Asks: 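One structure coming up, written as structure tokens, with questions to follow.
Since we're looking at a predicted model, the values are computed, not measured. Letters A, B, ... are given to chains in the order of the sequence lines, protein chains preceding strands, and every chain is numbered from 1.
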There are 2 protein chains.
Amino acid sequence: MAEVTGTETITGRFLMGRRRSQLTADDIAALEGSVQTVRSLPARTLMITAGERVTVSTMLLEGFICRYMDDREGLRQLVAIHVPGDFVDLHGFPMEMLDHDIATLGPVKVASWPHAALAKVMEGRPNLTRMLWFSTLLDAAMHREWIFRLGRLGAEGRVAHLMCELNVRLEMVGLASDGRFPLPLKQADLAEACGLTGVHVNRVLRSLRERGMLVFRNGIVEILDRRALATLGEFDPAYLFPDDLRKD
Amino acid sequence: MAEVTGTETITGRFLMGRRRSQLTADDIAALEGSVQTVRSLPARTLMITAGERVTVSTMLLEGFICRYMDDREGLRQLVAIHVPGDFVDLHGFPMEMLDHDIATLGPVKVASWPHAALAKVMEGRPNLTRMLWFSTLLDAAMHREWIFRLGRLGAEGRVAHLMCELNVRLEMVGLASDGRFPLPLKQADLAEACGLTGVHVNRVLRSLRERGMLVFRNGIVEILDRRALATLGEFDPAYLFPDDLRKD
DNA sequence: CGCTCTCTTGAGTTTACTCAACGTTCGTGG
DNA sequence: CCACGAACGTTGAGTAAACTCAAGAGAGCG
């Protein structure tokens, strides 16, 4: 069970469960002190468009955000799903522009830092700099796992793997327990994350439900057989760099 | 045509074609000055295993290197292919361990930096730090494009897209011209990069050849119809952050 | 020369897709 | 309050894409 410590502060969930303890009190204070804005956004809101020049970076405090790319026919491929505590576009700081769109899934609360403020905060703080860098590399590690998921798993494995990932990530920030967590996705969204069609995701979910592994209904995921789901999805959480490295 | 400037030095191809000009002479000198070793390795050599603690980072100077993950049956999924000028495991600096294996494809020449030396070089050099960070985020951008490739494209599109990417990346470092470049992959390796079987890659290559788009034989790629290949693979090089942003 | 590795091709199967229809839920306006 | 429409989920039937299995061809090497 994740501790509740710090969730009252803005950055309380940042790197929670993954080396957060390596952030010093000064590092955290410096980050907290340079927040520009905290605001709420409704569901299904486009936040950033590919190619746009970005000058602020945003951390997700509550809710879910996705990143995606469009194909020629306008079909989307999700490339990331963010949970509270994630910086959703810190990579925009070194990159200056993004190669993908960012949008909210459900309603969210987010905090933003101007890049200039981030640069100032990092100056003379090599440890904080490295932790921020690390957090962007966690995204890259998840990207790699998604490549694996799409390249090597069948439809059921893909859905299973994604659900295992989200479960672990939400557990780390204290937002899932007993394999139960909210997930404001339609079946069509899940399809866009898994490289499948909506119709096929529907069949996969039915199969997982009938096999007693997972129920996903009304935006709530309930993992009934965590071990079976992990086996089906060939899931090993090591790529998430959890402090607590269990194999389940 | 890419310029040849700097290819005599160790880091001459680093970020070539993508913001290399933002590196100062001091940045480059500092990097060059802290190289620990330069060595050659034979083809098909395992360099780093997933989970291993890493204390040095390596830049590829000549040849090709891949990163991959294994599934339950030992089948590989490539998650990256590196060309000269790429740091292959700079992400190991903030991450301290890797979530995937790294191996050479053909024979290579590589240079290595101890992480301690990198930390010292970055101290007081925020610009260099940001450029190194940027280079790891280019990998992440390529990962995202690979997710798109696997999630949204059919077999022919996947192969076409990968070939377009390698062509552009090799052009940027002066190692491809007129759509012709060496690529020390077997058809089975290409399959592992595209989430396909070797047999099917064979059929795809035949189709691309018969359609006059691309020939891949004896480790040499020849792109015959760059535009058609880009269309088929829905390829837009923007995600590679080239200085020269052409749309082809 | 014979072995191994890679590439190639054919035939049949499996997986996921497309198209189409129907069900369910929920919000809105008559 | 009910009727209607819109959005989402569900199911069936047929199709297309990629897979598996198997066999043979070509190249390179000891």
Asks: Heavy atoms only, 4.0 Å cut-off, all strands: where does Gly195(A) land among base, sugar-phosphate and nothing?
Replies: sugar-phosphate
Asks: Tell me: CG of Leu205(A) to P of dG9(D), nearest whole Å?
Replies: 9 Å
Asks: Checking Asp89(A) side chain against Thr58(A) main chain: does a donor-acceptor pair fall under 3.5 Å?
Replies: yes
Asks: By nearest atom, which of the nucleotides dG9(D), dT6(C), dT20(D) is closest to the Thr197(B) side chain?
Replies: dT20(D)
Asks: Measure the distance from CG on Asn202(A) to P on dG9(D) and round it to the nearest whole Å.
Replies: 8 Å
Asks: Please check: side-chain N/O of Gln77(A) versus main-chain N/O of Glu192(A), any donor-acceptor pairing under 3.5 Å?
Replies: yes
Asks: Figure out the CD/P separation between Glu210(A) and dT10(D), and round it to whole Å.
Replies: 11 Å
Asks: To the nearest Å, give me how far apart CG (Leu183(B)) and P (dT6(C)) are.
Replies: 15 Å
Asks: Assign each of Leu196(A) and Asn218(A) to its nearest nucleotide of DNA chain C by heavy atoms, then name whichever residue's nucleotide is nearer the 5' end.
Replies: Leu196(A)
Asks: Specify the separation, in whole Å, of atom CZ of Phe216(B) and atom C1' of dT6(C).
Replies: 12 Å
Asks: With Phe216(A), which of Val204(A), Val159(A), Leu185(A), Val201(A) fulfils side chain to side chain contact (heavy atoms under 4.5 Å, CB included)?
Replies: Leu185(A)
Asks: Which listed nucleotide (dT20(D), dT6(C), dA18(D)) is nearest to the side chain of His200(B)?
Replies: dA18(D)
Asks: Is the NZ or CZ atom of Arg76(A) positioned over Tyr68(A)'s six-membered ring, under 6.0 angstrom from the centre and within 45° of the axis?
Replies: yes
Asks: Can you tell me the distance, in whole Å, between the CZ atom of Arg209(A) and the C1' atom of dG9(D)?
Replies: 10 Å
Asks: Can you tell me how far P of dA18(D) sits from CZ of Arg152(A), to the nearest Å?
Replies: 14 Å
Asks: Counting side-chain heavy atoms from CB outward, which of dC17(C), dT6(C), dG9(D) is closest to Gln187(A)?
Replies: dG9(D)
Asks: At 4.0 Å (heavy atoms only), tell me whether Gly154(A) reaches a base, stays on the sugar-phosphate, or touches nothing.
Replies: sugar-phosphate
Asks: Nearest to the Arg203(B) side chain among dT8(C), dT20(D), dT18(C), which nucleotide is it?
Replies: dT20(D)
Asks: When you measure from the side chain of Val199(A), which nucleotide among dT18(C), dA18(D), dT8(C) comes out closest?
Replies: dT18(C)
Asks: Nearest whole angstrom, please: distance from the C1' of dA18(D) to the CG of Leu153(B).
Replies: 15 Å
Asks: Short question: side chain of Glu210(A), backbone of Ser207(A) - any donor-acceptor pair under 3.5 Å?
Replies: no
